[in-house]
Amino acid sequence: MDSYKLMGCLAGASMLLTLGCKASASGESVSSENEAQSISQTVKFNSDSAYSYVEKQVAMGPRVPGSDASANCASYIASELRRHGADSVRFQKGKVKAFNGDILPIINVMGAFNPLARRRILLAAHYDSRPWADSDPTEENRLLPIPGANDGASGVGVLLEVARQLGKSAPGIGVDMLFVDAEDYGQSSGFSNHDESWCLGTQYWAENMPYASDSLPAYGILLDMVGGMGAKFHREYFSDRSAPDIVDKVWSVAEKSGFGERFVNLPGGVVVDDHVFINKAGIPTIDIIESKNDETKTFPPVWHTIDDDMDYIDAATLKAVGQTVVNVIYNEKN
């Protein structure tokens, strides 16, 4: 996963977060008890299927950019998209330079559902895993790659299950999916000074976007670390700054879908993630990410450690996120 910094690091920044993020656009609670039953849930997200998708990725080994596991994972994602009826499934290949001078061959994977629909949304996740467990409490583990079950595979697993549902029941809008490489190869020391060292695959994609200026998706939703045990999702700072109406929409749907305890309608952390660069490219995009863990007050305790494995994946968390995303899709109007 990417760089993280609490606004509390600076008093002025802390005030900015407190003032800049809000419970909803109106300042009122997102929904009432009666409204909670009003959301259409005709499509049922299968958390067991999503869990299996996460498990299959982890079984490939760490998906470090340029590795065999990375290439195998990209091919697997593309094959699943095709199997579920996605159109225009393609690879975007390139090379990027990491902060340490490494030249990384990257593979972004893209697919589209209902390609003729004028109104489209973008769903994104990164599939790579961090090359170093540099936050592991055991020093000798810190040069090992992380398994990346939550940080990487969980977002992909949810999106592949969403793709399976889209293949079974055509949505009323267009849905583009983007699976990016080299998100997690960034410089961990002095996070706030090295934002551009993260999300290299997305930065490459943004420079070579497959959209004309008048055909951009209406908005985007990024999924990252969405499978953690008992995870809760607060309103991430850059999401609220760049696309507060989309945060309102998604958190409202989550509440109406019965996941209000998971989607906490309060300010979360400040996360430099793929959505930052998608926003810069002109697509208002939010990040569903666990950034205010009850124990750590930041990211989950297994973040960037070798313990980020299947033992930490919670099917109930996958269900909360996946069903929310599905309900957003099928309640949109073209």
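For the numbers below, each heavy atom of this structure counts, side chains included, while hydrogens, waters and symmetry mates do not.
A heavy-atom distance below 4.5 Å is found between the side chains of M310 and Y51. Contact check for D224 versus E183: side-chain heavy atoms found under the 4.5 Å cut-off. F299 is listed as a side-chain neighbour of S291, based on a closest heavy-atom distance under 4.5 Å. Counting heavy atoms from C-beta outward, L318 and S154 have side chains that approach closer than 4.5 Å. Proximity of L104 to Y185: side-chain heavy atoms (C-beta onward) are separated by under 4.5 Å at one or more points. Counting only heavy atoms from C-beta outward, the side chains of F238 and V272 approach each other to under 4.5 Å. Two residues are said to be in side-chain contact when any heavy atoms from C-beta on lie closer than 4.5 Å; V96 and Q203 fail this criterion. For the pair F91 and V109, the minimum side-chain heavy-atom distance is below 4.5 Å.
Sorted by first then second residue, the salt bridge (Lys or Arg N to Asp or Glu O under 4.0 Å) pairs that include residues 44-63, not counting sequence neighbours, number zero. For residues 303-324, the pairs satisfying salt bridge (Lys or Arg N to Asp or Glu O under 4.0 Å) are R262-D314, with sequence neighbours left out. Applying the salt bridge (Lys or Arg N to Asp or Glu O under 4.0 Å) definition to pairs two or more places apart or across chains, those involving residues 325-334 are R119-E332, K249-E332. Among residue pairs with one or both ends in residues 166-177, those qualifying as salt bridge (Lys or Arg N to Asp or Glu O under 4.0 Å) are R120-D176; sequence neighbours excluded.
Of the inter-residue distances, the one linking D274 atom CG with W198 atom CH2 reads 11.5 Å to the nearest 0.5 angstrom. The OG1 atom of T202 lies 6.0 Å from the CG atom of L178; values are rounded to the nearest 0.5 Å. One distance of note links CG of N208 with CD of Q92; it measures 5.5 Å at 0.5 Å rounding. Taken to the nearest 0.5 Å, the OH atom of Y204 stands 12.0 Å off from the CG atom of D181. For the atom pair CG of L160 and CG of L166, the computed distance is 11.0 Å after rounding to the nearest 0.5 Å. To the nearest 0.5 angstrom, L216 atom CG is 10.0 Å from L122 atom CG.
A donor-acceptor pair is defined here as one N or O able to donate and one able to accept, closer than 3.5 Å; such a pair exists between the side chain of K292 and the backbone of P267. Between the S257 side chain and the V253 main chain, a donor and an acceptor come within less than 3.5 Å of each other. At distances below 3.5 Å, at least one donor-acceptor pair connects side-chain atoms of S239 with backbone N or O atoms of D287. Not a single donor-acceptor pair under 3.5 Å links the side chain of S49 to the backbone N or O of N46. R130 places a side-chain N or O within donor-acceptor distance of the main-chain N or O of G186, the cut-off being under 3.5 Å. The main-chain N or O of A153 is found under 3.5 Å from a side-chain atom of Q57 such that the two form a donor-acceptor pair. A distance-only check finds a donor-acceptor pair linking the side chain of S197 to the backbone of Q187 [under 3.5 Å]. Judged purely by atom type and a 3.5 angstrom limit, T317 uses its side chain to pair as donor or acceptor with the backbone of G228. Proximity of a side-chain donor or acceptor of N150 to a complementary backbone N or O of G227 within less than 3.5 Å is detected. In this structure, the side chain of E236 engages the main chain of V271 through a donor-acceptor pair within 3.5 Å.
Residues V276 and L200 fall into different hydrophobic clusters, defined by Ile, Leu, Val, Met, Phe, Trp and Tyr side chains chained together at heavy-atom separations under 4.5 Å. At a threshold of 4.5 Å between side-chain heavy atoms, the hydrophobic network of Ile, Leu, Val, Met, Phe, Trp and Tyr places I106 and L222 in two separate groups. Follow the hydrophobic side-chain contacts under 4.5 Å out from V175 and you reach L159 in the same cluster. There is no path of hydrophobic side-chain contacts, each under 4.5 Å, that joins V156 to W205.
Taking a 6.0 Å sphere around CD of E140, one finds it holds more than 12 heavy atoms contributed by other residues, nucleotides or ligands. In this structure, N72 places its CG atom where more than 12 heavy-atom neighbours from other residues, nucleotides or ligands lie under 6.0 Å away.
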Could you check R235 against D248 for side-chain contact (heavy atoms from CB on, under 4.5 Å), going step by step and ending with a plain yes or no?
-> CA-CA 9 Å; R235 300 170 68 106; D248 284 346; 2.8 Å; yes
Determine, stepwise, if the pair Y219 / I286 fulfils side-chain contact (heavy atoms from CB on, under 4.5 Å).
-> CA-CA 8 Å; Y219 64 89; I286 70 167; over 6 Å; no
List the steps and the verdict of side-chain contact (heavy atoms from CB on, under 4.5 Å) for N293 and W303.
-> CA-CA 11 Å; N293 178 269; W303 176 68; over 6 Å; no
CA sep, side-chain torsions, deciding dist, call: H126, D128, side chain to side chain donor-acceptor pair (under 3.5 Å) = CA-CA 6 Å; H126 77 92; D128 63 301; 3.0 Å; yes
Evaluate side-chain contact (heavy atoms from CB on, under 4.5 Å) for T324 paired with V250, printing each intermediate quantity in order.
-> CA-CA 7 Å; T324 295; V250 174; 4.0 Å; yes
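Listed by chain and residue number, K95, K97 satisfy the side chain to side chain contact (heavy atoms under 4.5 Å, CB included) test with I103 (two or more places apart in sequence, or in another chain). F233 meets the ring pair (Phe, Tyr, Trp, His ring centres under 6.0 Å) test with F263; sequence neighbours excluded.
The two residues G148 and S129 make their nearest non-hydrogen contact at CA-CB, 4.1 Å. Nearest heavy atoms, R90 versus P210: NH2-CB, 3.2 Å. The heavy-atom pair separating I107 from A74 by the smallest distance is CG2-CB, 3.9 Å.
E80 and Y53 form a side-chain donor-acceptor contact under 3.5 Å, judged by distance and modelled atom types alone.
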